[in-house]
Visitor: 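There's a structure below that I have some questions on.
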Amino acid sequence: MKYKHLEEGIFLKRPNRFVAHVEVEGKEEICHVKNTGRLGELLIPGTRVLLEPAGDTRRKTKYSLICVRKDDQWVNIDSQVPNKVAEEWIRDGNLIENVTLVKREQTYLHSRFDLYVETTEEKWFVEVKGVTLNVDGTAMFPDAPTERGKKHVEELIQCLEDGYRGAILFVIQMKGVTRFMPFEERQPEFAEALRKAKEAGVEIYAVDCLVDGESIQADQLIPVQLGHNY
């Protein structure tokens with residue numbers, strides 16, 4: 001997944017979930033934040049960031065905040081990009097073999113799953129979650145409680161009972177992590193839903209990403225740890 005053009009700035013403050021103040025070439029600009037998570041460990045005043053020009057003069061904000069510099073690397077915080085990254089990665093023959101069809105945003109039961117995948121022999125629903133939180137080398141999700149995410153995990157179990165295969169793919173929008181874990185302290189219900197899904201046969205994966213000033217792409221699968229017995 002490539003961006004057309006990103007400009008560098010310095011993060012100043014985030015008055016609410018949707019906007020940030022960033023210094024760009026000596027001028028303070030109000031930017032759209034494409035992620036409603038807390039991002040407290042990333043958005044620190046004085047931190048370098050990458051911005052995407054809006055390109056639409058009707059928008060109230062001139063830029064969107066895309067990447068944040070942390071530990072000498074870029075972390076992508078664009079919540080719209082993990083689905084694109086996952087789709088490209090699966091189409092290229094990763095994770096699932098013999099893929100013949102990939103569709104985005106497929107509705108089934110009461111949920112709209114991120115990806116629907118067909119192979120020569122099977123049909124899959126894949127739910128994709130973007131991860132931006134790195135705690136001492138462990139990627140963690142969610143950054144903020146997500147009832148919608150918990151609901152999708154639970155309904156993947158029903159998909160298996162109806163003859164589909166199901167997977168949850170955590171797209172870690174950075175390098176430098178060695179494992180993935182659910183953030184149990186932030187939302188224990190989501191962690192428990194993951195464990196129940198695993199027991200039911202839902203496949204759970206995590207992949208890190210190569211991120212630079214122009215692109216993000218899935219790189220390597222990393223271990224997933226759901227608890228002491230998982």
Visitor: Please walk me through it: do Val75 and Val211 pass side-chain contact (heavy atoms from CB on, under 4.5 Å)?
Guide: CA-CA 7 Å; Val75 178; Val211 181; over 6 Å; no

Visitor: Do other residues, nucleotides or ligands put more than 12 heavy atoms under 6.0 Å from Arg112 CZ?
Guide: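 Open: at most 12 neighbouring heavy atoms sit under 6.0 Å from CZ of Arg112.
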
Visitor: Minimum heavy-atom separation for Ile172 and Ala206, please, with both atom names.
Guide: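 That would be CD1-CB, 4.0 Å.
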
Visitor: Using side-chain hydrogen bond (donor to acceptor under 3.5 Å, both in side chains) as the criterion, list what pairs up with Arg165, not counting sequence neighbours.
Guide: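 For Arg165, the residues satisfying side-chain hydrogen bond (donor to acceptor under 3.5 Å, both in side chains) (neighbours in sequence not counted) are Glu122, Glu203.
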
Visitor: Which heavy atom of Leu194 sits nearest to which heavy atom of Ile168, and what is that distance?
Guide: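 Taking every non-hydrogen atom into account, CD2-CD1, 3.6 Å.
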
Visitor: Can you see which heavy atom on Val24 is nearest to which on Glu8, and at what distance?
Guide: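 Nearest pair, atom of Val24 first, then Glu8: CG1-O, 4.2 Å.
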
Visitor: Excluding sequence neighbours, so at least two apart, what forms side-chain contact (heavy atoms from CB on, under 4.5 Å) with Lys62?
Guide: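 Applying side-chain contact (heavy atoms from CB on, under 4.5 Å) to Lys62 gives Glu29.
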
Visitor: Is Val202 linked to Val171 within one hydrophobic cluster, defined over Ile, Leu, Val, Met, Phe, Trp and Tyr using a side-chain heavy-atom separation of less than 4.5 Å?
Guide: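 No; tracing contacts between hydrophobic side chains, which count when under 4.5 Å, never links both residues.
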
Visitor: Check whether any side-chain heavy atom of Lys70 lies under 4.5 Å from a side-chain heavy atom of Thr47, and answer yes or no.
Guide: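 A side-chain contact under 4.5 Å is absent here.
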
Visitor: Go through the structure and list residues passing salt bridge (Lys or Arg N to Asp or Glu O under 4.0 Å) with Glu23, not counting sequence neighbours.
Guide: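 Partners of Glu23 by the salt bridge (Lys or Arg N to Asp or Glu O under 4.0 Å) criterion come out as none, since no residue qualifies.
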
Visitor: To the nearest 0.5 angstrom, please state how far the OH atom of Tyr3 sits from the CG atom of Asp212.
Guide: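 The distance works out to 10.5 Å.
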
Visitor: Once rounded to the nearest 0.5 Å, what's the spacing between atom CD1 of Ile204 and atom CG of Leu226?
Guide: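 It is 4.5 Å, given to the nearest 0.5 Å.
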
Visitor: Are the side chains of Met140 and Arg186 in contact, using a 4.5 Å heavy-atom criterion?
Guide: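 Arg186 does not reach Met140 side chain to side chain.
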
Visitor: Which is it for Arg48 and Ile10 under the side-chain contact (heavy atoms from CB on, under 4.5 Å) test, yes or no, and what are the steps along the way?
Guide: CA-CA 5 Å; Arg48 294 165 58 198; Ile10 302 296; 3.9 Å; yes

Visitor: Side chains of Leu133 and Glu41, heavy atoms from C-beta outward: is any pair under 4.5 Å?
Guide: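 SC-SC contact between Leu133 and Glu41 confirmed.
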
Visitor: Only counting residues at least two apart or in another chain, list the ones meeting salt bridge (Lys or Arg N to Asp or Glu O under 4.0 Å) with Arg17.
Guide: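 Scan of Arg17 (salt bridge (Lys or Arg N to Asp or Glu O under 4.0 Å), adjacent residues dropped) gives none.
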
Visitor: Just to verify, what does Ser111 make a side-chain hydrogen bond (donor to acceptor under 3.5 Å, both in side chains) with, not counting sequence neighbours?
Guide: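 Residues passing side-chain hydrogen bond (donor to acceptor under 3.5 Å, both in side chains) with Ser111: Lys151, Glu155.
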
Visitor: Test: ring-ring contact (aromatic ring centres under 6.0 Å, His included). Region: residues 59-83. Which pairs qualify, not counting sequence neighbours?
Guide: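 Sorted pair list comes back empty.
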
Visitor: Show the nearest heavy-atom pair for residues Leu6 and Gly213, with the distance to one decimal.
Guide: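 Residues Leu6 and Gly213, closest heavy atoms: CD1-O, 3.2 Å.
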
Visitor: Do Leu65 and Leu39 land in one hydrophobic cluster if side-chain heavy atoms of ILVMFWY residues count as linked below 4.5 Å?
Guide: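 Cluster IDs for Leu65 and Leu39 match.
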
Visitor: Report the residues that fulfil side-chain hydrogen bond (donor to acceptor under 3.5 Å, both in side chains) with Arg38, sequence neighbours left out, ordered by chain and then residue number.
Guide: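 None.
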
Visitor: Donor-acceptor pairs are to be reported for all side-chain atoms of residues 87-94 against protein atoms at under 3.5 Å, with residues two or more places apart or in another chain.
Guide:
unit_1, atom_1, unit_2, atom_2, d
Glu87, OE1, Arg104, NH1, 3.1
Glu87, OE2, Arg91, NE, 3.1
Glu87, OE2, Arg91, NH2, 3.0
Glu88, OE1, Met1, N, 2.9
Arg91, NH2, Val102, O, 2.8
Asn94, ND2, Trp89, O, 2.9

Visitor: Measure the CG-CZ distance between Leu43 and Phe11 for me, rounded to the nearest 0.5 Å.
Guide: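 That separation rounds to 4.5 Å.
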
Visitor: Return the minimal non-hydrogen interatomic distance between Val126 and Leu169, and the atom names on each side.
Guide: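 The pair with the smallest heavy-atom distance is CG1-CB, 4.3 Å.
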
Visitor: What residues, two or more places apart in sequence or in another chain, satisfy side-chain contact (heavy atoms from CB on, under 4.5 Å) together with Asp114?
Guide: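 Result, side-chain contact (heavy atoms from CB on, under 4.5 Å) vs Asp114: Asn83, Glu105, Glu127, Val128.
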
Visitor: Could you tell me if the ring centre of Tyr116 sits under 6.0 Å from that of Tyr108?
Guide: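 Ring-ring flag for Tyr116/Tyr108: false, centres at least 6.0 Å apart.
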
Visitor: What heavy-atom pair brings His5 and Glu7 nearest, and what distance separates the two atoms?
Guide: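 In this case the closest contact between His5 and Glu7 is NE2-CG, 3.3 Å.
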
Visitor: Is there a side-chain contact between Ser79 and Thr36 (heavy atoms, below 4.5 Å)?
Guide: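 The answer is no, as the side chains (C-beta and beyond) never meet within the 4.5 Å cut-off.
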
Visitor: Could you grab the distance from atom NZ of Lys13 to atom CD1 of Ile30, nearest 0.5 Å is fine?
Guide: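 CD1 of Ile30 is found 8.5 Å from NZ of Lys13.
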
Visitor: Other residues, nucleotides and ligands only: do more than 12 of their heavy atoms fall within 6.0 Å of CD on Glu121?
Guide: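 Counting neighbours around CD of Glu121, 12 or fewer heavy atoms of other residues, nucleotides or ligands fall under 6.0 Å, so no.
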
Visitor: Under the ring-ring contact (aromatic ring centres under 6.0 Å, His included) rule, collect the residues that match up with Tyr205, sequence neighbours excluded.
Guide: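 Not a single residue meets the ring-ring contact (aromatic ring centres under 6.0 Å, His included) criterion with Tyr205.
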
Visitor: State which residues pass ring-ring contact (aromatic ring centres under 6.0 Å, His included) with Phe113; sequence neighbours excluded, sorted by chain then number.
Guide: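 Per chain and number, Phe113 pairs via ring-ring contact (aromatic ring centres under 6.0 Å, His included) with Phe125, His152.
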
Visitor: Answer yes or no: are there more than 12 heavy-atom neighbours, outside Asp136 itself, under 6.0 Å from its atom CG?
Guide: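 Count not over threshold, so no.
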
Visitor: Roughly how far, to the nearest 0.5 Å, is the CD1 atom of Ile96 from the CH2 atom of Trp124?
Guide: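 One gets 4.5 Å once the value is rounded to the nearest 0.5 Å.
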
Visitor: Any side-chain hydrogen bond (donor to acceptor under 3.5 Å, both in side chains) involving residues 170-184? Give me the pairs, sequence neighbours left out, ordered by first then second residue.
Guide: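 Qualifying pairs: Asn76-Gln173, Thr138-Arg179, Lys175-Asp208, Lys175-Asp219, Arg179-Gln225, Glu184-Arg195.
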
Visitor: Verify the cluster assignment for Met174 and Leu51: are they in a single hydrophobic cluster under the rule of side-chain heavy atoms below 4.5 Å apart?
Guide: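 Yes; Leu51 is reachable from Met174 via cluster members.
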
Visitor: Return the CD1 to NZ distance between Ile216 and Lys2, rounded to the nearest 0.5 Å.
Guide: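 Going from the CD1 atom of Ile216 to the NZ atom of Lys2 covers 14.0 Å.
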
Visitor: Would you please indicate yes or no on a ring centroid separation below 6.0 angstrom for Phe190 and Phe141?
Guide: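 When the ring centroids of Phe141 and Phe190 are compared, they turn out to be within the sub-6.0 Å range.
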
